[in-house]
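Read the structure below first, then the notes.
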Amino acid sequence: MSDLKVYNSYSRQKEVFTPITPGHVGMYVCGPTVSGESHLGHARPYITFDVVYRYLQYLGYKVRYVRNITDAGHFEEEGREAEDKISKKAVLEKLEPMELVQKYTNLFHWAMEQFNTVPPSIEPTATGHIVEQIEMIKQIIEAGFAYEVNGSVYFDVKKYAATHDYGKLSGRVIDDLLETTRELEGQEEKKDRADFALWKSAAPEHIMRWQSPWGVGFPGWHIECSAMATKYLGAQFDIHGGGMDLLFPHHESEIAQSTICNHAAPVRYWIHNNMITINGRKMGKSYNNVIKLTELFSGNHPILEKAFHPMTIRFFILQTHYRSTLDFSNEALVAAEKGLKRLWDAYEKLQAINYESREEGPGTELEEKLKKLVAEFPEFMNDDFSTAKVLANMFEIVPVINSVKDKIIPVGALSAETFKLLQSAFKTWLEDIFGLKGVTEADNSKLQGVMQLLIDIRKEAKGKKDFATSDKIRNQLAALGITLKDEKGGEMSWNID
RNA sequence: GGUCCUGUGGCCGAGUGGCUAGGCAGAGCUCUGCAAAAGCUCGUACAGCGGUUCGAAUCCGCUCGGGACCUCCA
């Protein structure tokens, strides 16, 4: 099998993945800011990196996956509103800050469960690591790369850039940065406009506040990730993930902070997912075009024509390469929904077939084709996680499965070995690696019994050519949202829409 | 304004210079008491204009369009 290659944002090219410690992978992914509800855009990184996590484990790595919860809040705009985003909202909603944070954290966890994502190994909170952040800031000051002004601490970007490559990750030129940075209030505290806050002094009304060597305040925007990543993954770790919109300034600043503290570049492979767009524009609060996950699952949103199942979303996301933008539309999601159903129906049929045939024999052309398609699954994944191509191959196999089921492909065309290969490959890839699940839940044994009874009655009616009765059963069930299908050979199957 | 990405058939989307991606929708056929599924067949698309090449959706240049970041942002 080929080596895993990942596109490293830092080098801007695909590189062979080699972990620092053989057999182990440390992965940090920027988690949600729990000051509000997650929307469709947020689903992308967590599903993308869930598959990365699952795939690395499939490859045999022991992975420590750290994904933070940002519950201390960042600023609306640095300096302008000397106010914590979370505390601000808390006032509006008349909630305690931690109450608010808890509410949205719970909601986030609920959504992640709907998406069938595996929980990270560690999910540290920013508020739980104030001490670590203060320690790190102290180190940066001691190293001479930060300075204190009026109880706030700023990172000295210019000094750092003199000896380090600030701007490399995001393709920024430091001089341009100085010219293009916007005029903001509170800038006068900084020595240089490109500098960023490590610690901000808190105004008296500020609710979230902690004691520090520089007075009462709260941590700056980027330090939490540096502190928590260092604590749980070490000075250098393998993978850091997040959305492309975090490249600058968040990840760029993270590199600077960590590099000063740990005397080494913190991350080997930077992986960034692209945005989900709607009408070609990034989904985001500032664009006023967000669809919250709760709205998506319920269909309760003006631009939604219907509700969409979390698995449809998951599949929708996996059908695109993670570094491409993905444009949302009702039509696109309906297409994904139908595609997933077709794939999943075939998968369930595949698992249900008890295939008995020659144990071995000359490989037919069909067999060779199937083996090739399956063998390509890991090849595609190894090429920077091309989930879309793996799914395309699966869809090529779907007609074969259906044909075996309907006996259009005769028994004996496939060896039992090939057939079992399909069964195990589909299970591994669909369930274990892609984390997909069936959309319809019909796991009610009583309902199954009732359905079997109706099917028996319908079979009898059909046998007597009593089509009035047989059609009545099928039509009434259809009205209830249950589709009954006649199959070749007189069997019947059903599913809930 | 700066930096970067991008423009593929009705829609969504893969695409490593030469070989049918795939999904959805649509058309025809087969199967079927009817229906639904399912199977088979069908679209010869790559923004435009040049260039490199035996050969370009794929490389280069220009033009036009869209987007991201430069501010919290997945």
Side-chain angles (χ1 to χ4, degrees), chain A residues 12 14 29-33 35 38-49 70 73-81 85 167 170-173 175-177 179-182 184 194 221 241-250 252 272-277 279-287 315-316 319-321 323-340 342-343 345-346 349 380 383 386-396 398-403 405-406 408-409 462 465 467 470-471 474-475 478 483-488 493-495:
Chain A
R12 288 157 202 260
K14 284 182 198 170
V29 174
C30 284
T33 301
S35 62
S38 299
H39 62 253
L40 175 58
H42 295 122
R44 173 102 102 144
Y46 307 129
I47 289 172
T48 297
F49 289 103
T70 298
H74 291 296
F75 306 103
E76 283 295 342
E77 232 166 55
E78 201 255 323
R80 190 152 83 186
E81 294 179 52
K85 192 155 134 194
S170 55
R172 223 104 329 201
V173 179
D175 295 330
D176 293 345
L177 216 54
E179 284 170 24
T180 56
T181 301
R182 249 208 278 172
L184 299 170
W221 340 313
M244 274 184 186
D245 50 354
L246 296 179
L247 272 164
F248 189 88
H250 188 57
E252 196 71 70
H272 290 94
N273 63 276
N274 213 133
M275 304 291 101
I276 286 183
T277 59
N279 296 321
R281 174 153 278 128
K282 174 185 171 183
M283 189 175 284
K285 253 179 228 169
S286 37
Y287 295 111
F315 179 76
F316 178 62
Q319 256 194 317
T320 309
H321 188 86
R323 280 189 291 113
S324 301
T325 54
L326 173 57
D327 200 50
F328 164 88
S329 69
N330 283 286
E331 216 182 343
L333 273 185
V334 168
E337 185 178 73
K338 290 185 181 172
L340 175 59
R342 195 166 111 86
L343 182 61
D345 284 351
K349 280 184 211 168
F380 291 153
D383 185 14
S386 285
T387 54
K389 293 178 84 167
V390 176
L391 287 171
N393 270 22
M394 287 183 177
F395 273 109
E396 289 210 47
V398 164
V400 177
I401 294 170
N402 286 328
S403 295
K405 164 78 180 167
D406 291 343
I408 293 169
I409 290 178
K462 279 187 67 172
K465 298 223 186 294
F467 295 124
S470 65
D471 284 354
R474 190 177 62 198
N475 293 341
T483 306
L484 204 56
K485 289 180 287 195
D486 292 350
E487 296 183 343
K488 298 215 165 54
S493 64
W494 60 282
N495 60 51

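Naming: A, B, ... by sequence-line order, numbering from 1 per chain.
- To the nearest angstrom, C1' of B:rA68 lies 17 Å from CG of A:Asn279.
- Checking B:rA14, B:rA74, B:rC69 against every side-chain atom of A:Lys389, the shortest atom distance belongs to B:rA14.
- Residue side chain A:Lys285 does not reach the base of B:rC72 through any donor-acceptor N/O pair under 3.5 Å, judged by distance alone.
- Looking at the side chain of A:Asp327, the nearest of the listed nucleotides B:rA68, B:rG13, B:rC11 is B:rG13.
- Residues A:Leu343 and A:Leu391 share a closest heavy-atom pair of CD2-CD2, 4.0 Å.
- Under 4.0 angstrom from either OP1 or OP2 of B:rG39 there lies at least one side-chain N or O belonging to A:Asn402.
- Between A:Asp245 and A:Lys282 there is a salt bridge, since at least one side-chain N of the basic residue sits less than 4.0 Å from a carboxylate O of the acidic one.
- Backbone-only contact: A:Ile408 has heavy atoms under 4.0 Å from sugar-phosphate atoms and none from a base.
- Spacing of C1' atoms, B:rG13 relative to B:rG7, comes out at 13 Å, to the nearest Å.
- Counting to the nearest Å, the P atom of B:rU16 and the CG atom of A:Asp383 are 8 Å from each other.
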For RNA chain B, the dot-bracket pattern of Watson-Crick and G-U pairs whose distances stay under 3.5 Å, | for other-strand partners: (((((((..(((.....[...))).(((((.......)))))....(((((..]....))))))))))))....
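- Nucleic acid contact for A:Met283: base, since at least one base atom lies under 4.0 Å from a heavy atom of the residue.
- Taking each heavy atom of A:Gly167 and A:Glu252 in turn, the nearest pair found is N-OE2, 3.0 Å.
- Between A:Lys338 and A:Val400, the one whose closest nucleotide on RNA chain B sits nearer the 5' end is A:Lys338.
- Between A:Arg342 and the phosphate of B:rC24, there is a side-chain N or O to OP1/OP2 separation shorter than 4.0 Å.
- Counting all heavy atoms, side chain and backbone alike, A:Ala332 lies closest to A:Phe316 at CB-CE1, 3.8 Å.
- Of the listed nucleotides (B:rC40, B:rA74, B:rC69), B:rC40 has the atom at the smallest distance from the side chain of A:Pro399.
- A:Asn393 contributes no side-chain N or O that forms a donor-acceptor pair with the base of B:rG22 under 3.5 Å.
- Put simply, A:Ser324 has a side-chain N or O that comes within less than 4.0 Å of OP1 or OP2 on B:rA14.
- Distance, A:Asn475 CG to B:rG33 C1': 14 Å, rounded to whole Å.
- Nearest heavy-atom pair, A:Arg44 versus A:His321, reported as atom, atom and distance to 0.1 Å: NH1-O, 3.4 Å.
- Residue contacts shown for A:Leu333 are absent, as no nucleic acid heavy atom lies under 4.0 Å away.
- In this structure, A:Arg172 atom CZ and B:rU71 atom P are separated by 8 Å, rounded to whole Å.
- Closest to the side chain of A:Pro249, out of B:rU71, B:rA14, B:rG39, is B:rU71.
- Close to B:rC69, at under 4.0 Å from its OP1 or OP2, lies a side-chain N or O of A:Lys282.
- Counting any heavy atom pair closer than 4.0 Å across all strands shown, A:Ser493 reaches no nucleic acid atom.
- Distance A:Ile276 CD1 to B:rA74 C1': 9 Å, rounded to the nearest Å.
- Picking from B:rC72, B:rC70, B:rG39 the nucleotide with the shortest atom distance to the side chain of A:Phe248 gives B:rC70.
- Stacking annotation: A:Phe395 is not stacked on the base of B:rG23 (requires ring centroids less than 5.5 angstrom apart and an interplanar angle below 30 degrees).
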Evaluation steps, side chain to side chain contact (heavy atoms under 4.5 Å, CB included), between A:Met283 and A:Met275: CA-CA 8 Å; A:Met283 189 175 284; A:Met275 304 291 101; over 6 Å; no
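- Between A:His39 and A:Lys285, the closest side-chain pair of non-hydrogen atoms is not below 4.5 Å.
- The CG atom of A:Leu247 sits 10 Å away from the P atom of B:rC70 (whole-angstrom rounding).
- Along RNA chain B, the nucleotide nearest to A:Lys349 and the one nearest to A:Gln319 differ in position, and the one closer to the 5' end is contacted by A:Gln319.
- Within the 4.0 Å cut-off from OP1 or OP2 of B:rA74, not a single side-chain nitrogen or oxygen of A:Arg44 is found.
- Between A:Arg342 and A:Asp345 there is no salt bridge, since none of the side-chain N atoms of the basic residue sits less than 4.0 Å from a carboxylate O of the acidic one.
- Nucleic acid contact class of A:Met275 (heavy atoms, under 4.0 Å, all strands): base.
- Taking side-chain N and O atoms only, A:Thr33 has no distance below 4.0 Å to OP1 or OP2 of B:rC72.
- The residue A:Gly41 sits close to a base: some heavy atom pair falls under 4.0 Å.
- Side-chain atoms of A:Ala335 lie closest to B:rG23 of the nucleotides B:rG15, B:rA74, B:rG23.
- Scanning atom types as modelled, one donor and one acceptor separated by under 3.5 angstrom connect the side chain of A:Asp486 and the base of B:rC34.
- Between A:Phe248 and A:Ser170, the shortest heavy-atom contact is CD1-OG, 3.3 Å.
- A:Arg12 is linked by a salt bridge (charged side-chain N to carboxylate O under 4.0 Å, His left out) to nothing, counting only residues two or more places apart in sequence or in another chain.
- Using a 4.0 Å heavy-atom cutoff across all strands shown, A:Glu337 reaches no nucleic acid atom at all.
- Using a 4.0 Å heavy-atom criterion, one finds that A:His39 contacts the bases of the nucleic acid, with or without backbone contacts as well.
- Closest to the side chain of A:Asp245, out of B:rC73, B:rG15, B:rG33, is B:rC73.
- Rounded to whole Å, the distance from CG on A:Leu326 to C1' on B:rG67 is 14 Å.
- The side chain of A:Tyr287 contributes no N or O atom lying less than 4.0 Å from OP1 or OP2 of B:rA74.
- Nearest nucleotide to the A:Lys485 side chain, out of B:rG67, B:rA36, B:rC12: B:rA36.
- Counting distance only, with no hydrogens placed and no angle test, the side-chain atoms of A:Arg474 and the base atoms of B:rA35 include a donor-acceptor pair under 3.5 Å.
- In this structure, CG of A:Asp471 is placed 17 Å from P of B:rU32, rounded to the nearest angstrom.
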